[in-house]
Amino acid sequence: MIRLPLLFVFIITSHTAFTQINPENIEIVRDSFGIPFVYAPTNAEAAYGVAWAQCEDNFNIMQETFAAARGKTGTLLGPDGAVIDFIMQMFQISEFVESRYEQDVSPEYDAILTAYAEGVNRYAELHPEELLLKGLGNIKKHEILEIFVLNFLVNNNAVLDIAKVMDNKMDLYPTLGRYQGGGSNAMAYSPLKTTDGRAYLVGNPHQPIDGPASFWEVGIKTDEGLDIFGATFVAGGITPFIAVTPNFAWTHTTNYDDYSDVFELKMHPKNKNLYEYDGEWLELEKHHAKLRVKIGPIVLPIKKKYYRSVYGPTAKNKSGVFAFRNNAFFNIKTAEQWYRMGLAQNFDEFQQAIDIQGIPCQTITYADKDGNIFHDNNALMPVRSSDYEWRGLVPGNTSATMWSYDTIMPREMNVRVVNPQAGYVFDANSTPFDATAANENPKPDDYPATFGLMTSNTHRAKRFKYLIDQHEKVSFEDIKAIRDDEGYHPTDIGFRNAMDLNILFELPSKYPDLHVVDEHLKKWDWRMNVENKHAAFMAVMTMYLQEFISENFALYENTLPEEKYVEGLRFARDFLLKHYGTLEVPLGDVQKIVRGDKELPMYGSTNTLANCHLKKHGRNKVQMKHGDTFIMYAGFGEDGLELLKTVNLFGNSWKPDSPHYDDQMELLVNKQTKDISLDKETVYKNAVRVYHPK
């Protein structure tokens with residue numbers, strides 16, 4: 001799967017601004033885990049400091065992002081990177097950002113983008129030995145926003161539509177085929193539900209553990225109103241997008257509703273480049289993406305053909321001609337909206353920031369010092385005709401299906417739950433119609449069918465509901481135990497991409513060679529803790545099924561054929577017997593989290609709240625590839641933030657020679673956290689290093 005990252009006041013009067021950054025005005029304060037707290041008079045100066053600190057920790061990985069903006073990912077990463085370069089050109093992302101910049105970016109934020117770019121470029125100038133390719137140390141402010149657009153082609157599942165069309169897997173569309181992959185957890189509790197009267201937010205994104213989309217922690221405080229701590233991607237980000245301020249906190253999860261459309265064009269019977277539109281024959285625009293691809297020690301120039309129609313980017317395969325349109329191209333306000341969310345001081349100002357409608361998709365879950373909580377199924381939804389089924393292939397021969405990039409459905413139409421009497425909201429990449437207690441949930445009939453809103457649930461959502469129902473009120477210890485839970489639901493282990501997974505417990509008795517598996521599964525207690533001698537089998541078996549589901553893009557509301565489950569059972573049996581001589585192996589002996597030479601036992605599974613997706617590791621083990629990459633707990637009393645605890649997977653640096661390359665791994669595997677303070681005096685008191693950027 002393509003890995004892509006997200007990249008991201010000095011007041012001025014024009015968009016051709018320059019900043020006059022004096023690094024001596026900026027202090028970077030590092031704590032014992034290497035987390036930078038950036039202090040500066042202005043927000044633009046802080047952006048420069050953030051860029052510098054991020055380059056110190058992650059410049060090697062950040063360059064993968066810069067390469068995408070320069071069309072050099074194929075040169076840097078080979079064929080997989082060339083896919084990114086092709087998408088950038090096919091969707092004309094650079095041209096789109098350029099066309100929207102004056103309209104969408106405020107002078108204030110232009111200054112911040114400029115300062116951030118200056119910080120990166122200054123670091124590259126002083127550290128040329130770290131450059132992976134010539135030219136990657138001179139980024140432009142527009143390129144920062146290009147990466148945001150590219151990122152949401154991943155988050156809104158457009159890349160899966162592209163892959164299905166390119167691979168000619170058109171048979172998935174009549175069945176509404178979409179892969180809903182890994183995701184995240186978000187939970188918020190109001191004083192109505194907590195034993196100590198606090199409001200709590202739990203942020204727990206699940207991301208690939210390798211590459212640009214894992215997390216980096218940073219704190220920022222300025223004289224212009226920024227006072228924020230949180231996480232952004234290692235590959236770049238000006239302000240945190242999973243964040244805490246003295247007054248509130250928020251987090252995001254991926255929502256899997258219908259944000260990407262594929263149109264089937266009606267082609268001329270004799271001229272293969274003419275298509276019908278409103279009764280007229282129009283000609284496809286022919287283009288060639290110019291790629292450079294590293295193959296071994298050499299870099300080859302390659303041209304790949306694509307087209308454009310009135311709908312937008314268009315591709316041909318053996319089944320026909322298909323065009324793409326999706327919600328990443330309404331505007332380029334994403335980065336500035338996150339900045340405005342961080343500047344807000346209270347619930348109302350935070351809502352005003354969301355009103356910008358700059359984030360194409362991603363749910364928002366929130367808690368604050370006044371006891372407010374909410375969950376918003378945030379998305380930019382196009383105004384579509386109700387006469388069509390938008391989740392499948394859409395007719396591409398009529399303006400009736402040509403929705404406009406100039407109009408977005410009102411934000412008030414997003415599914416949301418605000419301050420429920422139940423005292424909690426949650427999301428686990430689940431349906432927005434199940435975000436709190438059953439009697440307070442929104443109803444599907446109240447929302448347009450054209451939104452393609454998900455109605456099925458994840459296993460994590462089912463498990464959360466089972467656990468929360470056992471508590472009239474929750475303590476912080478209960479809140480943490482729920483998030484840390486590595487168990488399956490006691491009666492239903494099915495999940496969205498394999499709704500019939502419970503069949504596993506019926507099949508072994510039908511096949512004589514699986515009787516040993518039948519006896520083994522009967523002993524399993526449905527938990528995935530590292531000491532569990534019956535959990536390793538489930539880990540290996542579900543890894544096998546997930547690989548199949550991912551490679552085949554899955555099916556909407558999926559059930560898998562019986563033979564695929566039998567294959568998975570046999571694979572897990574044979575793997576454990578071959579390498580361990582028994583099925584009864586402690587999970588921690590088989591399932592690992594790995595960073596360089598460090599290897600530790602890891603709990604959890606693909607569908608547990610404590611999340612751990614797997615790939616093979618060496619000859620006889622499996623390792624985490626995706627899951628609990630960042631965990632954050634924020635607690636608020638009436639006077640503001642009272643508790644902030646986090647853990648960041650490996651550590652806060654991607655440079656192998658850094659002491660913070662792997663210094664948080666033990667915290668993660670032992671279900672521990674570190675305490676974070678936003679108090680400036682405390683930060684300086686606990687500082688390991690205080691310095692200015694250059």
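As the structure is a computational prediction, the values presented were derived from the model and not from experiment. Each residue takes its place number in the sequence, starting with 1.
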Centroid separation [X] to [Y] less than 6.0 Å:
X	Y	value
F91	F96	no
W250	F350	yes
H142	Y101	yes

note = Exactly one of D257, T363, T431 clears side chain to side chain donor-acceptor pair (under 3.5 Å) with N377, and that residue is D257
key: Sole residue of T334, T254, N378 in side chain to side chain donor-acceptor pair (under 3.5 Å) with Q362   = T254
Atom pair [atom1] ([X]) and [atom2] ([Y]), whose distance is rounded to the nearest 0.5 Å:
X	Y	atom1	atom2	value
I87	F324	CD1	CZ	9.5 Å
W338	T239	CH2	OG1	8.5 Å
S106	L113	OG	CG	8.5 Å
F630	T232	CZ	OG1	10.5 Å

inquiry  = Against the six-membered ring of F86, is K304 placed for a cation-pi contact (under 6.0 Å from the centre, within 45° of the normal)?
reply    = yes
Mind checking whether [X] and [Y] have parallel, tilted or perpendicular rings, split at 30° and 60°?
X	Y	value
W390	F263	perpendicular
W281	H268	perpendicular
F347	Y366	perpendicular

Electrostatic pair [X]:[Y] at N-O distance under 4.0 angstrom:
X	Y	answer
K290	D85	no
K564	E567	yes
K462	D492	yes
K140	E98	no

Of all the heavy-atom pairs spanning [X] and [Y], show the shortest one and how long it is.
X	Y	answer
P208	S214	O-CB, 3.8 Å
G237	Y116	N-OH, 3.4 Å
I373	A367	CG2-CB, 4.0 Å
A186	T251	CB-CG2, 3.5 Å
F322	E264	CE2-CG, 3.6 Å
A435	N441	N-OD1, 2.7 Å

Check whether [X] reaches the backbone of [Y] with its side chain - one donor and one acceptor, N or O, closer than 3.5 Å.
X	Y	value
E440	A422	yes
T73	A68	yes
T629	P205	yes

Non-hydrogen side-chain atoms of [X] and [Y] separated by less than 4.5 Å:
X	Y	value
R384	D258	yes
I144	F66	no
Q351	F374	yes
L150	M88	yes
F426	T436	no
K305	H287	no
R325	M402	yes
Y277	N397	no

Ignoring hydrogens and angles, state whether a donor on the side chain of [X] or [Y] is under 3.5 Å from an acceptor on the partner side chain.
X	Y	result
D278	S399	yes
T365	H375	yes
Y339	E108	yes
N607	R460	no

ask   = Stepwise, does the side-chain hydrogen bond (donor to acceptor under 3.5 Å, both in side chains) test hold for Q63 with R70?
value = CA-CA 10 Å; Q63 291 178 72; R70 293 289 170 88; over 6 Å; no
side-chain contact (heavy atoms from CB on, under 4.5 Å) between V149 and F329, intermediate numbers included = CA-CA 7 Å; V149 177; F329 292 91; 3.8 Å; yes
With K333, the side-chain contact (heavy atoms from CB on, under 4.5 Å) member among L145, D104, I359 = D104
Candidates D427, T458, N457, T455 - the one meeting side-chain contact (heavy atoms from CB on, under 4.5 Å) with D434 = N457
ask   = Can you list every side-chain hydrogen bond (donor to acceptor under 3.5 Å, both in side chains) pair that touches residues 87-97, not counting sequence neighbours?
value = S94-E146
Please output the side-chain donor-acceptor pairs of residues 309-321 that fall under 3.5 Å, not counting sequence neighbours, one pair per line with the distance.
| unit_1 | atom_1 | unit_2 | atom_2 | d |
| --- | --- | --- | --- | --- |
| S309 | OG | Y311 | N | 3.3 |
| S309 | OG | T314 | OG1 | 2.9 |
| Y311 | OH | T398 | O | 3.0 |
| Y311 | OH | T401 | OG1 | 2.8 |
| T314 | OG1 | S309 | N | 3.2 |
| T314 | OG1 | G312 | O | 2.9 |
| K316 | NZ | K272 | O | 3.4 |
| K316 | NZ | N273 | OD1 | 2.7 |
| N317 | OD1 | S319 | N | 2.7 |
| N317 | OD1 | G320 | N | 3.1 |
| N317 | ND2 | V165 | O | 2.8 |
| N317 | ND2 | N168 | OD1 | 3.4 |
| S319 | OG | N168 | OD1 | 2.6 |

key: Residue pair R391, E389: steps toward the salt bridge (charged side-chain N to carboxylate O under 4.0 Å, His left out) verdict   = CA-CA 6 Å; R391 293 176 298 176; E389 170 54 76; 3.2 Å; yes
key: Passing candidate, ring pair (Phe, Tyr, Trp, His ring centres under 6.0 Å) with W403, options Y388, F330, Y259   = F330
request  = Would you sort out whether Y424 and M187 count as a side-chain contact (heavy atoms from CB on, under 4.5 Å), showing the intermediate values?
outcome  = CA-CA 7 Å; Y424 68 90; M187 304 143 189; over 6 Å; no
request  = For side-chain contact (heavy atoms from CB on, under 4.5 Å), just list the numbers for D355 and R411, CA-CA rounded to whole Å, side-chain angles, deciding distance to a tenth of an Å, and then say yes or no.
outcome  = CA-CA 7 Å; D355 286 341; R411 187 178 78 82; 2.6 Å; yes
request  = Give the intermediate values and the outcome of side-chain contact (heavy atoms from CB on, under 4.5 Å) for residues I408 and N331.
outcome  = CA-CA 10 Å; I408 306 173; N331 57 57; 4.2 Å; yes
query = If you draw a 6.0 Å radius around NZ in K303, do more than 12 non-hydrogen atoms from other residues or ligands fall strictly inside?
reply = no
